[in-house]
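To start, the structure itself, in structure tokens.
Values below: every heavy atom of this structure, side chains too, minus hydrogens, waters and symmetry copies.
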Amino acid sequence: IYYRFQQFLNRQPDSHNPQIEEILCEINPHNPLRNAKIIIHPSIKSPAVLNYIHPILLLPDMSFSKEELLGILMHESAHYKYGHLIVKYITECICIFFWWNPFFKKLSAEMEHLLEMHSDKYVCRNLDKKQQKVYLSCIVRILENLRKGTYSSPSGCSLVAYEDYEKLKQRFQMILSGAFNSKKKWDFLIVPTLILLFLLSYLVVLQLSLIHI
């Protein structure tokens, strides 16, 4: 899947879009995504960012207003700014390495949800009430587009990654209730910390096993 998706990306031209570049600059004049390759294609399901060193912005071939693009690009900028791509890569590696462990069965989906919630918080702290409603309606539009696309990003962070209505409901409730104003800036690191402790416990078991050999 990863290989096929990368081949698909390599075949696509850079869709230079002055409006997107302008909004990225508006979000942050030093936004690293201003130099990202932009791919707009009808087969893309949801906006996403991937590749940390040479970032790529993926956008579905849909008509977006400037306010919708502001929310989308702010969301993807947050993924890049806070290193969510690295967290996702590490999570995927852990899931592959511990494929046999039921504890990690849903880890990838749960981690992706936490990262989306964290990006939502960043977006909504920088938008007014009207813009937040536009942002929510944009998520609904992307959700409707999920069934029409062919490719999603198996290695990036998407605005809407899958049709999990319970998780989407949590995101909407957080935004509508204003819970994004919580000062808990590092809450998305709770799960990675638990994973790290779990892995360290394995190292202790391994060391004890070596001692008894």
Side-chain angles (χ1 to χ4, degrees), residues 2 5-6 9 15 17 20-21 23-41 44-60 62 64 68-95 107-127 131-132 134-136 138-139 141-143 145-146 149 151-162 164 167-168 170-172 174-175 180 182 184-192 195:
Y2 288 94
F5 186 70
Q6 195 60 51
L9 294 179
S15 304
N17 187 306
I20 291 175
E21 294 172 2
I23 294 172
L24 286 171
C25 183
E26 182 181 330
I27 294 169
N28 180 358
H30 306 290
N31 195 331
L33 295 186
R34 288 180 62 192
N35 299 318
K37 179 180 180 180
I38 300 171
I39 297 177
I40 301 174
H41 196 278
I44 297 297
K45 292 181 178 181
S46 168
V49 62
L50 62 156
N51 295 357
Y52 194 77
I53 297 177
H54 301 291
I56 299 176
L57 268 174
L58 304 180
L59 291 170
M62 298 169 60
F64 294 110
E68 285 176 326
L69 279 175
L70 177 63
I72 289 171
L73 297 176
M74 197 174 285
H75 182 97
E76 300 309 326
S77 294
H79 279 313
Y80 191 87
K81 176 181 179 180
Y82 292 110
H84 291 175
L85 286 165
I86 296 174
V87 174
K88 184 172 180 179
Y89 296 152
I90 293 173
T91 302
E92 292 296 330
C93 288
I94 291 172
C95 289
L107 175 64
S108 182
E110 293 300 325
M111 178 59 69
E112 192 150 20
H113 178 54
L114 286 173
L115 298 179
E116 295 309 320
M117 294 275 282
H118 190 244
S119 284
D120 285 341
K121 284 188 175 184
Y122 172 82
V123 172
C124 292
R125 283 175 185 152
N126 292 279
L127 298 179
Q131 290 172 323
Q132 288 168 19
V134 172
Y135 178 65
L136 289 175
C138 187
I139 291 177
R141 288 188 63 202
I142 296 300
L143 182 62
N145 191 55
L146 280 174
Y151 288 96
S152 59
S153 171
S155 58
C157 292
S158 305
L159 179 65
V160 183
Y162 40 78
D164 189 323
K167 287 182 170 58
L168 284 167
Q170 291 178 19
R171 291 174 66 181
F172 273 57
M174 179 191 71
I175 294 170
F180 55 84
S182 167
K184 297 177 181 179
K185 296 182 179 180
W186 305 104
D187 52 359
F188 79 104
L189 290 176
I190 292 175
V191 172
I195 294 170

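- Within the model, atoms CG of N35 and CG of L24 stand 10.0 Å from one another, a figure rounded to the nearest 0.5 Å.
- The backbone N or O of K45 sits less than 3.5 Å from a side-chain atom of N145, completing a donor-acceptor pair.
- S46 places no side-chain N or O within 3.5 Å of a backbone atom of I142 that could act as its donor or acceptor partner.
- In this structure the side chain of V160 reaches within 4.5 angstrom of the side chain of I139, judged on heavy atoms.
- We find the CD1-CG distance between I44 and L59 to be 9.0 Å, quoted to the nearest 0.5 Å.
- Side-chain contact between L115 and Y82 is absent, with no heavy atoms from C-beta onward closer than 4.5 Å.
- L159 places a side-chain heavy atom less than 4.5 Å from the side chain of E76.
- Here the side chains of L127 and V134 are not in contact, with every heavy-atom distance at 4.5 Å or above.
- Contact record, N31 with S77: ND2-OG, 3.1 Å, taken as the closest heavy-atom pair.
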Could you walk me through whether K88 and E112 pass the side chain to side chain contact (heavy atoms under 4.5 Å, CB included) test, one step at a time? CA-CA 7 Å; K88 184 172 180 179; E112 192 150 20; 3.2 Å; yes
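- Between R34 and E21 there is no side-chain heavy-atom pair separated by less than 4.5 Å.
- Residues S158 and H75 approach most closely at O-NE2, 3.8 Å, considering heavy atoms.
- The structure places OH of Y135 at 10.0 Å from CE of M74, a figure rounded to the nearest 0.5 Å.
- Residues H84 and E116 are not in side-chain contact: their nearest non-hydrogen atoms beyond the backbone lie 4.5 Å or more apart.
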Starting from the C-alpha separation in whole Å, work towards a yes-or-no answer on side chain to side chain contact (heavy atoms under 4.5 Å, CB included) for L114 and V87. CA-CA 11 Å; L114 286 173; V87 174; over 6 Å; no
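- A parallel orientation is assigned to the rings of Y80 and Y52, their planes being inclined by less than 30° (bins at 30° and 60°).
- Of the residues listed (R171, K167, Q170), the one engaging H113 in a side-chain hydrogen bond (donor to acceptor under 3.5 Å, both in side chains) is Q170, and it is the only one.
- With values rounded to the nearest 0.5 angstrom, I56 atom CD1 is found 11.0 Å from I38 atom CD1.
- Counting all heavy atoms, side chain and backbone alike, T91 lies closest to M111 at OG1-CG, 3.4 Å.
- Atoms CD and CG, from Q132 and D120 in turn, are 10.5 Å apart once rounded to the nearest 0.5 Å.
- Here the straight-line distance linking atom CD1 of I72 with atom CD1 of I23 works out to 9.0 Å at 0.5 Å rounding.
- The closest side-chain heavy-atom distance from I27 to N126 is not below 4.5 Å.
- Remark: the backbone N or O of H30 is paired with a side-chain donor or acceptor of N28 at under 3.5 angstrom.
- Here the side chains of L33 and L73 are not in contact, with every heavy-atom distance at 4.5 Å or above.
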